[in-house]
2 protein chains.
Amino acid sequence: MPVSLTPMTETAPSTDSALPKIDPRILRSRRMLMDALVRLLAQKPFEEISIQEIADEATLNRATFYLHYPDKGSLLKAMAGARFRDLVDRRGLSFNSCEGGLRAIALGVCDYLAASPGCPGALAKMPLEDSIIAVVEDIFREGSAERPAAPGIDPELVFTTAAWAIFGAARLWLDMRERISAEEMADKIEAIVLPMLMHATQR
Amino acid sequence: MPVSLTPMTETAPSTDSALPKIDPRILRSRRMLMDALVRLLAQKPFEEISIQEIADEATLNRATFYLHYPDKGSLLKAMAGARFRDLVDRRGLSFNSCEGGLRAIALGVCDYLAASPGCPGALAKMPLEDSIIAVVEDIFREGSAERPAAPGIDPELVFTTAAWAIFGAARLWLDMRERISAEEMADKIEAIVLPMLMHATQR
DNA sequence: CGACATATGTCGTGTACACAGCATATGTTC
DNA sequence: GAACATATGCTGTGTACACGACATATGTCG
């Protein structure tokens, strides 16, 4: 009984956390499915893409799709998260004592939203929140791991709040009629959100 | 007992012949191994590449390598043949009543030899003959399938002879100090080899 | 609404690949 | 030549994927 694959109902698991090593075949199949979805999204809207088409594009059996994802929405979510993580890794984004870490994170979110596959109209239908928010939360969590929380403050709540704040601001920026540059927007986001985080941890 | 994979001691099987459908996992693994070898050949000489390195580069288990190839030389051979077939497919090379078919084949061989991975010095060590010759033979065979052989002539012998003639001339061209263009060389090869083939089949 | 075509979700079975381990071969160093 | 490290070739076991088939759901057309 292949119940050990744990279909992906959440965002893709972190591959660098202290989890047991994931079978490379699993990682490969998931990446192939995600890459296939990206290619198909460049051709047609999400609603018009079938599971069979995704499997065909990925050169995998349709049953394999269901070993990993319960539906195509879950794949979309996982794909969005994985692509954002790629960007985070490529840019080495982190939230530590280094100046400008938060600005870089905000810039990454803006750039990612601006470059998402599919036309901007389709962007509203993509469940980007959970995937991006979870990654940003992880960044804050890791960056604050060595510092004690300020008294009476729940750091997890602050991380979540800050992550949503960044995401919300970036979404607003994306919808702007006359859009300032991503860099400028990142500056503004940092100015607004950084005090929240500074207040939460003793730094 | 995984004896059904038939390790590749010959050139890669033709994927468009009347063979039973090959499991997509097999095709995928072989392609991954070949692509890995190409990438490694761009970095170091063939002799310095280990089986484990190829497997790692392909993100496959070393034991998987041995399911498909008895040694790295066989992989090299298969890779060379597959890449040549790719070129043949891309250019739509065939030997039929169409004028210039032989010239195009000769040009394909020249271009392929000139673009092979690794420096020209390493080219002499690559067992390109069998892979290229077999493909060219196939092209002649298919192109002459609908025509009866001339009396007293063994068409298979002629195909092989012609294929080797083309290969030999292209190799000579590659070693030329002052090399004429591939196009010019293809013209010369056609002029020399075409009468042989015309003589062998009733066209 | 019924008929039909297509897509989805699932299942049991067979096959390919991952893994750890072992014996042997090979290359390097002293 | 001996000692050692590394690579090779192979094996049995466990796991992931391919496949065909089936039941059900969904969408389209008349």
Side-chain angles (χ1 to χ4, degrees), chain A residues 1-9 12-13 15 19-37 40-41 43-78 82, chain B residues 1-9 12-13 15 19-37 40-41 43-78 82:
Chain A
M1 286 291 192
V3 295
S4 58
L5 285 196
T6 64
M8 306 288 300
T9 54
T15 53
L19 294 178
K21 179 174 164 60
I22 302 179
D23 190 304
R25 289 172 295 188
I26 295 179
L27 296 177
R28 194 183 298 134
S29 296
R30 287 176 185 170
R31 194 186 59 241
M32 287 162 75
L33 287 167
M34 291 188 211
D35 291 348
L37 181 58
L40 287 170
L41 281 172
Q43 297 170 35
K44 54 191 340 189
F46 183 67
E47 300 75 27
E48 289 173 29
I49 298 172
S50 70
I51 307 279
Q52 185 64 60
E53 281 179 299
I54 296 171
D56 287 340
E57 180 70 29
T59 67
L60 292 172
N61 194 277
R62 185 164 59 80
T64 304
F65 177 97
Y66 289 104
L67 290 179
H68 297 279
Y69 304 104
D71 51 58
K72 64 179 187 179
S74 304
L75 171 62
L76 179 63
K77 202 153 140 186
Chain B
M1 287 291 190
V3 295
S4 58
L5 285 196
T6 65
M8 307 289 300
T9 54
T15 55
L19 294 177
K21 179 175 164 60
I22 303 179
D23 190 305
R25 289 173 293 187
I26 296 181
L27 297 177
R28 192 182 300 137
S29 295
R30 287 177 185 171
R31 194 186 62 238
M32 286 162 75
L33 287 167
M34 291 187 211
D35 291 349
L37 181 58
L40 288 170
L41 281 171
Q43 296 170 35
K44 56 196 326 193
F46 183 68
E47 297 76 26
E48 291 174 23
I49 297 173
S50 70
I51 306 281
Q52 185 63 58
E53 282 180 301
I54 297 171
D56 287 341
E57 180 70 27
T59 68
L60 292 173
N61 194 277
R62 185 164 61 80
T64 304
F65 177 97
Y66 289 103
L67 291 178
H68 298 280
Y69 304 105
D71 51 58
K72 65 178 187 180
S74 303
L75 171 63
L76 179 64
K77 202 153 143 188

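Just so it is clear, the structure is predicted and the values come from calculations on it, not from any experiment. A, B, ... follow the sequence lines: proteins, then strands. Residue 1 opens every chain.
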**Student:** C:dC17, OP1 or OP2 - any side-chain N/O from B:H68 closer than 4.0 Å?
**Tutor:** yes

**Student:** Send over the distance from A:D71 CG to D:dT26 P, rounded to a whole Å.
**Tutor:** 14 Å

**Student:** Does a side-chain N or O of B:R62 approach OP1 or OP2 of D:dC10 to a distance below 4.0 Å, or not?
**Tutor:** no

**Student:** Do A:R25 side-chain and D:dC17 base share a donor-acceptor contact under 3.5 Å?
**Tutor:** no

**Student:** Starting from C1' on C:dG9, measure out to CD on A:Q52 and report it in whole angstrom.
**Tutor:** 12 Å

**Student:** Please figure out whether A:S50 or B:A63 has its closest DNA chain C nucleotide nearer the 5' end.
**Tutor:** A:S50

**Student:** Would you mind telling me which of D:dC17, C:dA18, C:dT8 lies closest to the side-chain atoms of A:I51?
**Tutor:** C:dT8

**Student:** Kindly say if B:R28 contacts the phosphate of C:dC17, meaning a side-chain N or O under 4.0 Å from OP1 or OP2.
**Tutor:** no

**Student:** Starting from P on C:dC19, measure out to OH on B:Y66 and report it in whole angstrom.
**Tutor:** 16 Å

**Student:** With rounding to the nearest 0.5 angstrom, report the CZ to OG1 distance, A:R30 to A:T64.
**Tutor:** 12.0 Å

**Student:** Report the C-alpha separation of A:F65 and A:Q52 in whole Å, then their side-chain angles, then the decisive distance to 0.1 Å, and conclude whether the side chain to side chain contact (heavy atoms under 4.5 Å, CB included) test is met.
**Tutor:** CA-CA 9 Å; A:F65 177 97; A:Q52 185 64 60; over 6 Å; no

**Student:** For a quick test of reading the model: is some side-chain N or O of B:N61 closer than 4.0 Å to OP1 or OP2 of C:dC17?
**Tutor:** no

